[in-house]
Amino acid sequence: MKELAQLMQSYADIKSLNELNGSCETAIAGIKFYRASASSARQPLLYQSGIIVMGQGRKNIYVADNCLQYGPGDYLVLGVPMPLECEAFSDSGLPIFGLVIDVDSPTLHKLVNQITEQRKQLKLAVKNDKADLDFGIKANSLDNDFNNTIIRLLKVLHNDLEAKVLGPAIVEEIVYRALVGDNGHILFDLARHDGHYARIARVLGTLHKEYAELISVENLAEQVHMSVSGFHRAFRQVTSETPLQYLKKIRLNKAKD
């Protein structure tokens with residue numbers, strides 16, 4: 001995985017980002033480059049939905065009683081926004097590098113439909129909603145094909161013209177790689193509007209937009225046509241929090257910002 005770190009460092013050199021502490025937009029829409037100079041203590045953060053690829057350094061993220069560790073060559077799939085706590089570790093004094101990749105709805109639905117149709121034609125198993133919902137954030141190691149796709153993305157980011165012309169197709173391939181990966185069902189479930197996972201995702205969108213308003217669990221459940229008990233159970237399965245705990249964390253993050 002050294003090539004990922006080397007390419008991220010050369011990108012930082014070319015774009016004069018060696019003093020960056022945080023994330024910045026790149027020439028490709030929906031792709032952000034992340035850099036931190038040193039380790040950081042555990043602190044509250046809000047992770048948006050999407051795909052995060054780690055190039056150098058390590059992170060621990062905490063949600064309720066869950067602790068998730070990821071490092072170089074690992075990627076996260078986030079189906080929903082997650083207020084959490086994060087601590088970061090620099091290895092041997094080297095900067096921490098990562099990529100943040102948004103998964104836009106049109107691309108996700110297009111690929112899910114294509115994959116589902118091809119699996120039907122080839123008589124392969126089609127992924128369905130599971131009886132038990134998954135926690136909304138998962139980590140995996142990049143396989144060979146996925147790693148090569150990320151390398152191609154980093155290479156085209158070095159040239160703004162190539163990034164603009166070639167970047168969108170590579171981003172689409174990245175979403176495809178995530179969909180067919182071990183935790184692709186998170187994104188599959190997100191694309192199914194009537195599934196419980198997608199319903200919880202829509203509620204989370206409401207909470208992030210209307211966090212300052214008076215919000216009740218009963219109204220949230222009604223919005224997505226679920227019973228209060230069923231909604232409460234599904235919400236905890238996806239976020240490891242109750243709706244009110246989740247809302248409190250959003251408000252704390254917004255106040256900190």
Side-chain angles (χ1 to χ4, degrees), residues 26-32 47-53 74-82 99-153 156-157 162-209 220 223-226 230-231 234-235 237-239:
T26 69
I28 302 174
I31 302 291
K32 292 179 182 176
Y47 271 36
Q48 296 297 335
S49 57
I51 300 164
I52 298 175
V53 177
D74 292 336
Y75 72 98
L76 301 183
V77 177
L78 296 95
V80 295
M82 299 291 288
L99 287 175
V100 182
I101 302 154
D102 291 341
V103 180
D104 67 81
S105 185
T107 298
L108 177 61
H109 285 86
K110 170 188 164 185
L111 290 172
V112 165
N113 290 338
Q114 287 179 331
I115 292 169
T116 301
E117 183 59 33
Q118 288 302 311
R119 282 178 169 158
K120 286 179 180 176
Q121 290 183 17
L122 296 171
K123 295 182 170 53
L124 300 175
V126 176
K127 296 187 179 185
N128 294 310
D129 280 337
K130 301 196 304 186
D132 294 323
L133 298 182
D134 261 338
F135 179 46
I137 178 170
K138 294 285 183 179
N140 273 105
S141 294
L142 295 168
D143 63 21
N144 216 31
D145 291 333
F146 205 158
N147 185 63
N148 289 337
T149 308
I150 298 296
I151 286 171
R152 283 191 285 112
L153 177 72
V156 302
L157 279 172
E162 291 192 356
K164 293 288 188 182
V165 176
L166 302 176
I170 299 175
V171 172
E172 188 169 304
E173 183 180 345
I174 288 170
V175 178
Y176 167 80
R177 296 291 174 199
L179 279 165
V180 299
D182 288 343
N183 291 310
H185 61 274
I186 289 177
L187 297 178
F188 267 90
D189 291 346
L190 189 61
R192 297 188 174 102
H193 291 293
D194 293 330
H196 283 183
Y197 195 97
R199 293 184 190 192
I200 298 302
R202 291 202 296 276
V203 166
L204 296 182
T206 298
L207 291 177
H208 283 269
K209 288 178 188 174
L220 292 174
Q223 285 177 27
V224 289
H225 310 293
M226 296 176 70
F231 170 76
F235 196 99
Q237 285 178 303
V238 173
T239 68

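Between Ile170 atom CD1 and Ile151 atom CD1 the span is 11.5 Å, to the nearest 0.5 Å. Note that the OH atom of Tyr176 and the CD1 atom of Ile115 stand 6.0 Å from one another [nearest 0.5 Å]. For the atom pair Asp102 CG and Lys32 NZ, the distance stands at 6.5 Å (nearest 0.5 Å). Atom CZ in Arg152 sits 11.0 Å away from atom CG in Asn147 (nearest 0.5 Å). To the nearest 0.5 Å, atom CD of residue Glu172 and atom CG of residue Leu108 are 11.0 Å apart. Taken to the nearest 0.5 Å, the CD atom of Gln237 stands 10.0 Å off from the OG1 atom of Thr239.
Remark: Arg177 engages Asp145, Phe146, Thr149, Glu173 in a side-chain contact (heavy atoms from CB on, under 4.5 Å) (not counting sequence neighbours). Partners of Gln223 according to the side chain to side chain donor-acceptor pair (under 3.5 Å) rule, which considers only residues two or more places apart in sequence or in another chain, do not exist here.
Of the residues Leu179, Leu187, Val180, the one that meets the side chain to side chain contact (heavy atoms under 4.5 Å, CB included) test with Leu111 is Leu179. Screening Val103, Leu99, Val171, Ile150 against Ile51 for a side chain to side chain contact (heavy atoms under 4.5 Å, CB included) leaves a single residue, Val103.
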Exercise. Stepwise, does the side-chain contact (heavy atoms from CB on, under 4.5 Å) test hold for Phe235 with Leu220?
Worked result: CA-CA 11 Å; Phe235 196 99; Leu220 292 174; 5.8 Å; no
Exercise. Between Ile28 and Val156, does a side-chain contact (heavy atoms from CB on, under 4.5 Å) hold up when you go through it step by step?
Worked result: CA-CA 9 Å; Ile28 302 174; Val156 302; 4.2 Å; yes
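Taking the side chain as every heavy atom from C-beta outward, Phe231 and Val203 approach each other to under 4.5 Å. Looking only at side-chain heavy atoms (C-beta outward), Leu153 and Val53 stay at 4.5 Å or farther from each other. The shortest side-chain heavy-atom distance between Asn140 and Val77 does not fall under the 4.5 Å cut-off.
Across every non-hydrogen atom of Leu76 and Leu78, the tightest pair is CB-CD1, 3.9 Å. For Pro168 against Lys164, the heavy-atom pair with the smallest separation is CD-O, 3.5 Å. For the pair Ala139 and Asn183, the tightest heavy-atom approach, listed with the atom from each and the gap, is O-ND2, 3.8 Å. Nearest heavy-atom pair across Ser141 and Asp74 is OG-OD1, 3.0 Å.
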